[in-house]
Chemist: 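Supplied in structure tokens, the structure appears directly below.
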Amino acid sequence: MIRKGLAYVDDQTNEEIRINRGTVTSPGKDSPYRNRSVEENLRLFEEMKEGKYADGEKILRAKIDMAHNNMNMRDPIMYRILHTNHHRTGDKWCIYPMYDYAHGESDSIERITHSICTLEFDIHRPLYDWFIAQLGIFPSHQYEFARLNITNTVMSKRKLLQLVKEGYVTGWDDPRMPTICGLRRRGYTPESIRAFCEDIGVAKRDNLIDYSRLEGALRDDLNKRADRVMAVLHPIKLVIDNCPDDFVDELEAVNNPEDESAGKRKITFSNTLYIEQDDFMEDAPKKYFRLTPGQEVRLRYAYYVKCVSCEKDANGNVTVVHCTYDPATRGGDSPDGRKVKGTIHWVNAKDCIEGEVRLFDRLFNAEVPDKVEEGQTFLDNLNPESLTVLTNCKFENAVANAEHLKKYQFERLGYFSVDYDSTKEHLVFNRTCTLKDSWAKQK
RNA sequence: UGUCCCAUAGUGUAGUGGCAACACGAGAGAUUCUGGCUCUCUUAACUCAAGUUCGAAUCUUGAUGGGACAACCA
């Protein structure tokens, strides 16, 4: 390029170059060093490479047009001096190319036909093409597409890096991060991410995809593949008054109603169980199909129980729910054909595992975290409650030996994945996403 | 005070000169031992104006709206 008279060494300072570049609405000025001889340019460039000059003292620029409408064409920088240790060349080679110069060349060397990138590089394409044309090398072509934006999160590497560096998340694989390793740890499957990508497509217009689309893809995938299991996240005790204290029963449960080959398992039952706080209400609205005094519900795979009363602590919080059960409904069906509206999940208090569950919420409160008032940054939109840790959760024994990243559907609650922090002694689950909840909507 | 890119149901993506489609969402219902899944029905869009044409979401021009560009970053 130097020999062709298409590149020159410029001695201007960083500041001078910036000023002489002009603005988007006014042309720039030629550098006083623009017309150096080929021989001088060659010599200076060689010396730059050898490290004779300090960082910033000289640079190599392409000679194009300082009045070009496209700022990228106003004699863009090709090489700058960087006295930095390189993993291959050590301290011998002191110049490094700029992205715009290297981009087309490296694509061309690899015979790339379609070089795909995001929209903001659109305005760089004329330069990409110019370098390839001047060099007369294989004509790679750059195609730009809109980047993927998802609600309530950021996708920029720089911003994600900032979240990691400044400790707003625990690392690149924090389950709240929209990174591949973050999604993996959260419990997303590769298949669900691919299905999501296929679903949303790719085009050139700016887009904002609702986060629920990603959750939808996950539910779709895991619905077919994840074993069902019962777990209670916010336990309250359920005591069956007409069931003797030494009563032990073993019931059969289906692992996955969507996949018969997943088989069945046994779960134990006693007169003391845990149920979800949400599944009991002392004063319930009409359409509440769960436990409330006088109402009968089915304990999944077990028996019908009818609520008789509850106990409360000094603060009025319900601590124990009392029921009676109907021994004739063993397995979950009544011989007299009577129906119950609700089925709730449970865990045997006398035979269960305890552990931790981490619940995640949106990382940012704003749909578009980057949209901020003057003087604020995207960090001001961080959701302080994006992580909730529950330490008093009860699981049925089936999950005892689950390895890291093993996925389950906790019935009626959502999809959960075993976290890297999980050990045999202390189980830790991440909630990947909840199940659709039309009751929550109705409320 | 410029140059460039973009514009189709709420969202996202098809359709590129000849019947505006699909998915998700939303609403209603059916089914159900998960208020999940599944099934049925409904809802809802070509930014505007002019031009070309037998015929325009599609081509042309203009307007409007959104976005990008002034790192020795990528």
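Values below: every heavy atom of this structure, side chains too, minus hydrogens, waters and symmetry copies. Every chain is numbered from 1, with letters handed out A, B, ... down the list of sequences.
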Chemist: May I ask you to say what A:D55 touches in the nucleic acid, namely base, sugar-phosphate or nothing, with a heavy-atom cut-off under 4.0 Å?
Modeler: nothing
Chemist: Could you measure between the two C1' atoms, the one in B:G65 and the one in B:U43, and give it in whole Å?
Modeler: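 The same atom, C1', in both gives a distance of 27 Å.
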Chemist: Taking pairing as Watson-Crick or G-U wobble with both contacts under 3.5 Å, can you name the mate of B:C19, or confirm there isn't one?
Modeler: none
Chemist: With a 4.5 Å cut-off on side-chain heavy atoms, are A:V169 and A:V164 touching?
Modeler: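 Touching, per the 4.5 Å side-chain cut-off.
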Chemist: May I ask you to decide whether A:D326 forms a salt bridge with A:R338, counting only side-chain N to carboxylate O separations under 4.0 Å?
Modeler: yes
Chemist: Does A:T329 or A:K371 map to a spot on RNA chain B nearer the 5' end, using the closest nucleotide for each?
Modeler: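 First, find each residue's nearest nucleotide; the 5'-ward one identifies A:T329.
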Chemist: Return the 5'-most residue of the pair A:T13, A:E258 with respect to RNA chain B, ranking by each residue's nearest nucleotide.
Modeler: A:E258
Chemist: Is A:L208 touching bases, backbone alone, or none of the nucleic acid, heavy atoms closer than 4.0 Å?
Modeler: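 Here A:L208 touches the backbone only, sparing every base.
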Chemist: Going by purine N1 to pyrimidine N3 plus the second Watson-Crick contact, or the G-U wobble pair, all under 3.5 Å, which nucleotide sits opposite B:G55?
Modeler: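 When the pairing criteria are applied, nothing turns out to pair with B:G55, so the answer is none.
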Chemist: Can you tell me, in whole Å, how much space there is between the C1' of B:A9 and that of B:A23?
Modeler: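 Between the two C1' atoms, the distance is 12 Å.
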Chemist: Considering only side-chain heavy atoms of A:M71, which listed nucleotide, B:C72, B:A74, B:A70, is closest?
Modeler: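 Shortest atom-to-atom distance from the side chain points to B:A70.
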Chemist: So A:G56, base contact, sugar-phosphate only, or nothing? Heavy-atom distance under 4.0 Å.
Modeler: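 It contacts base atoms.
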Chemist: Nearest-Å distance, CG (A:D210) to P (B:U13)?
Modeler: 14 Å
Chemist: Could you check which of B:A71, B:G36, B:C72 has an atom nearest any side-chain atom of A:R18?
Modeler: B:A71
Chemist: Are a donor atom and an acceptor atom from the side chains of A:S115 and A:Q142 found within less than 3.5 Å of each other?
Modeler: no
Chemist: Does the side chain of A:R412 get closer than 4.0 angstrom to OP1 or OP2 of B:G35 through an N or O atom?
Modeler: yes
Chemist: When we call it a touch if two heavy atoms are under 4.0 Å apart, what does A:N223 touch: a base, just sugar-phosphate, or nothing?
Modeler: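 Base contact.
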Chemist: Do A:E105 and A:Y101 have side-chain atoms, one donor and one acceptor, less than 3.5 Å apart?
Modeler: yes
Chemist: Does either side chain, that of A:H68 or that of A:R74, offer a donor lying less than 3.5 Å from an acceptor on the other one?
Modeler: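 Result is no, nothing qualifies.
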Chemist: Pick the P atom in B:U3 and in B:A44, then give their distance to the nearest Å.
Modeler: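 So the two P atoms sit 41 Å from each other.
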Chemist: Between B:U34, B:A71, B:G12, which one does the side chain of A:M98 approach most closely?
Modeler: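 The listed nucleotide nearest to A:M98's side chain is B:A71.
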Chemist: Is A:R74 touching bases, backbone alone, or none of the nucleic acid, heavy atoms closer than 4.0 Å?
Modeler: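 No contact.
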Chemist: Counting any heavy atom closer than 4.0 Å, what does A:F410 reach on the DNA or RNA strands: base, sugar-phosphate only, or nothing?
Modeler: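 No contact.
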Chemist: Mind checking A:P126 for me? I need base, sugar-phosphate or nothing, with any heavy atom below 4.0 Å counting as a touch.
Modeler: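 Since no nucleic acid heavy atom lies under 4.0 Å of A:P126, the category is nothing.
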Chemist: A:V24 side chain: which of B:U34, B:G35, B:C69 is closest?
Modeler: B:C69
Chemist: Look at all strands and tell whether A:E252 reaches a base, only sugar-phosphate, or nothing, counting heavy atoms closer than 4.0 Å.
Modeler: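 Nothing, no heavy atom under 4.0 Å.
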Chemist: What does B:C48 pair with, Watson-Crick or G-U, if both distances are under 3.5 Å?
Modeler: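 Base partner found: B:G62.
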Chemist: Could you tell me the separation between the CD1 atom of A:I123 and the P atom of B:A71, rounded to a whole number of Å?
Modeler: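 My rounded result for the distance is 12 Å.
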Chemist: So what's B:A26 paired with, Watson-Crick or G-U wobble, going by both distances under 3.5 Å?
Modeler: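 Partner of B:A26: B:U42.
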Chemist: Would you say the base of B:G36 and the side-chain of A:R219 have a donor-acceptor pair closer than 3.5 Å?
Modeler: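 Donor-acceptor pair under 3.5 Å: no.
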Chemist: Considering only atom P, compute the distance from B:G66 to B:U58 and round it to an integer number of Å.
Modeler: 22 Å
Chemist: If only side-chain N and O atoms of A:K436 are considered, is one of them under 4.0 Å from the OP1 or OP2 phosphate oxygen of B:C37?
Modeler: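 Affirmative; the distance criterion is met.
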Chemist: Which is true for A:H124 with a 4.0 Å heavy-atom rule: it touches a base, it touches only sugar-phosphate, or it touches nothing?
Modeler: base
Chemist: Among the nucleotides B:G66, B:C72, B:U34, which one has an atom lying closest to any side-chain atom of A:D206?
Modeler: B:G66
Chemist: State, without any angle test, whether A:N271 and A:K350 hold a side-chain donor-acceptor pair at a distance under 3.5 Å.
Modeler: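 Yes, because at least one side-chain N or O of A:N271 sits under 3.5 Å from a partner of the opposite role on A:K350.
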Chemist: Roughly how far, to the nearest 0.5 Å, is the CG atom of A:D91 from the CG atom of A:N85?
Modeler: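 Between atom CG of A:N85 and atom CG of A:D91 there are 4.5 Å.
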Chemist: Answer with base, sugar-phosphate or nothing: what part of the nucleic acid does A:Q409 contact at a heavy-atom distance below 4.0 Å?
Modeler: base
Chemist: From C-beta outward on A:R213, which listed nucleotide comes closest to its side chain: B:A23, B:G2, B:G35?
Modeler: B:A23
Chemist: Would you compute the distance between atom CG of A:L183 and atom CE of A:M177 and round it to the nearest 0.5 angstrom?
Modeler: 10.0 Å
Chemist: Just checking A:Y79: base, sugar-phosphate only, or nothing, at a heavy-atom cut-off of under 4.0 Å?
Modeler: nothing
Chemist: Looking at A:K441, I'd like to know whether one of its side-chain N or O atoms comes within less than 4.0 Å of OP1 or OP2 on B:A26.
Modeler: yes
Chemist: Judged by modelled atom types alone, do A:N255 and A:R265 share a side-chain donor-acceptor pair under 3.5 Å?
Modeler: yes
Chemist: Taking the P atom in each of B:G12 and B:A57, what is the distance between them to the nearest angstrom?
Modeler: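 Each nucleotide's P atom is 22 Å from the other's.
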Chemist: Does B:C72 have OP1 or OP2 sitting under 4.0 Å from an N or O in the side chain of A:N14?
Modeler: yes
Chemist: Testing A:D65, A:D75, A:D10 one by one against A:R34 for a salt bridge (Lys or Arg N to Asp or Glu O under 4.0 Å), which residue passes?
Modeler: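 Exactly one option meets the salt bridge (Lys or Arg N to Asp or Glu O under 4.0 Å) with A:R34, and it is A:D75.
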Chemist: Across all strands, who's sitting opposite B:G2 as a Watson-Crick or G-U wobble pair, both distances under 3.5 Å?
Modeler: B:C69
Chemist: Taking any heavy-atom pair under 4.0 Å as a contact, classify A:I209: base, sugar-phosphate, or nothing.
Modeler: sugar-phosphate
Chemist: Looking at A:R21, I'd like to know whether one of its side-chain N or O atoms comes within less than 4.0 Å of OP1 or OP2 on B:C72.
Modeler: yes
Chemist: Taking 5.5 Å and 30° as the limits, would you call A:Y99 and the base of B:A74 a stacked pair?
Modeler: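 A:Y99 vs B:A74: stacking no.
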Chemist: How should the glycosidic conformation of B:A71 be described, syn or anti, under the criterion that syn lies within 90° of 0?
Modeler: syn
Chemist: Under 4.0 Å, heavy atoms only, any strand: does A:V340 hit a base, just the sugar-phosphate, or nothing?
Modeler: nothing
Chemist: A:D122 CG to B:C5 P: how many Å, rounded?
Modeler: 7 Å
Chemist: Taking only side-chain nitrogens and oxygens of A:S438, does any of them come within less than 4.0 Å of OP1 or OP2 of B:G36?
Modeler: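 Result: yes.
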Chemist: Checking contacts here: which listed nucleotide (B:C24, B:G35, B:U34) is nearest the side-chain heavy atoms of A:R300?
Modeler: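 So the side chain of A:R300 is nearest to B:U34.
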Chemist: Write down the distance separating the P atoms in B:A45 and B:U40, rounded off to the nearest Å.
Modeler: 23 Å
Chemist: Would you indicate what A:L435 reaches in the nucleic acid, counting non-hydrogen atoms under 4.0 angstrom: base, sugar-phosphate, or nothing?
Modeler: base
Chemist: Could you tell me the Watson-Crick or G-U partner of B:U34, where both distances fall under 3.5 Å? Say none if there is no partner.
Modeler: none
